[in-house]
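Atom set for the values below is all heavy atoms of this structure, side chains included, hydrogens, waters and symmetry mates excluded. In what follows, chains are A, B, ... by sequence order, proteins preceding strands, each numbered from 1.
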Amino acid sequence: MSDRKTLLRRLTLIAALSALGAAVGALERPLMALIPLPLPGFKLGLANLTVLFTAYRLRRRDAFLVMGVRVALVNLAFGTPVSLALALSGGLCSAAVTAAFCRSRTLSPVGVSCAASAAHMAGQIAMAAVILSTPALFLTYLPWLLLLSIPTGLLNGALSIPLIRRVPARLTVFPAAPKP
Amino acid sequence: MKLRTGDAVVIAAVLVTAAFLLFCPRLFAEKRERLLAEITVDGETAAVLPLDQDAVFDCRNGVVVTVSGGAVSVSESDCPDRLCVRRGPVSDRGAVIVCLPNRTVVRIVSDAESEVDGVV
């Protein structure tokens with residue numbers, strides 16, 4: 001495959017995955033509103049499946065793009081400047097952790113997803129602590145979000161495994177095996 | 001793609017971090033902030049009494065300050081209105097009891113200096 005064609009396919013895939021992530025993220029908002037949990041900042045994070053998939057099946061740096069575009073889309077459409085800042089900070093942390101760990105031989109996507117989920121909470125709280133100038137959030141709020149990040153991380157990790165394995169290789173630019 | 005050992009390590013690390021964050025303020029809370037009653041007479045500090053130790057302090061100007069059960073109060077005063085005595089015990093950081101006729105101020109401060117100067 002020529003370089004230009006590869007680039008084009010990669011770009012198209014990133015765009016499609018970003019849009020898919022944004023759609024899942026947008027659908028998740030009313031879903032989370034149904035669950036009466038008094039924990040702002042908590043959601044299932046199903047949209048992060050696209051970032052996980054991207055990190056495993058495309059290039060790791062593409063995960064940052066997919067995260068940024070989907071977070072920006074959802075928050076520009078439904079959010080506020082504050083929600084955008086929180087989601088970007090959390091997303092950046094979780095994408096960084098995903099990119100760092102997804103080639104690890106000791107971690108399955110489940111572990112990567114749990115780490116990413118926890119990193120998202122930490123990044124989100126870090127930004128919230130700055131915006132509200134309340135560093136105490138790290139002690140009062142972050143622990144609960146971290147505890148909740150485990151079940152959501154497990155859920156996303158478990159869902160990501162069939163996605164990463166079963167989506168046909170011809171749909172993605174690179175084969176499932178990591179490139180050197 | 002089965003679960004691997006690293007996955008358990010990640011989950012354990014998150015749990016330990018959460019537990020640590022949750023419990024570390026309780027471990028250090030008492031040490032970190034200790035409330036003190038600062039007694040000022042004529043603008044000069046007459047005494048600093050820790051609120052966690054019961055004490056009675058005679059300011060020698062007609063005012064007697066009592067620390068009891070984590071709260072401080074002016075227990076006696078020879079001033080006409082006795083507003084300072086009627087103020088009763090205070091225990092919050094920044095709280096102030098003032099006896100103007102005797103030019104005495106009792107203020108609760110933290111040993112780790114707070115950014116709040118006073119609460120009226």
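- For B/T66, the side chain to side chain donor-acceptor pair (under 3.5 Å) test picks out B/S75, with sequence neighbours left out.
- Taking 4.5 Å as the limit, every side-chain heavy atom of B/I97 sits out of range of all side-chain heavy atoms of B/V105.
- Counting side-chain heavy-atom gaps under 4.5 Å among Ile, Leu, Val, Met, Phe, Trp and Tyr, A/L8 is found in no cluster with other residues.
- In this structure, A/V69 belongs to a hydrophobic cluster whose other members, linked by side-chain heavy atoms under 4.5 Å apart, are A/L73.
- Using a 4.5 Å cut-off between heavy atoms, A/I150 contacts chain B through its side chain alone, with no backbone atom that close.
- At a 4.5 Å heavy-atom cutoff, the contact between A/A115 and chain B is made by backbone and side-chain atoms alike.
- You'll find the side chain of B/R34 reaches within 4.5 Å of the side chain of B/P50, heavy atoms only.
- B/P80 places a side-chain heavy atom less than 4.5 Å from the side chain of B/P101.
- Contact record, A/H120 with A/S94: CB-CB, 3.8 Å, taken as the closest heavy-atom pair.
- Within the 4.5 angstrom heavy-atom criterion, only backbone atoms of A/S104 (N, CA, C, O) approach chain B.
- Within residues 5-16 of chain B, the residues that have a heavy atom under 4.5 Å from a heavy atom of chain A are B/T5, B/G6, B/D7, B/V10, B/I11, B/V14, B/L15, listed by number.
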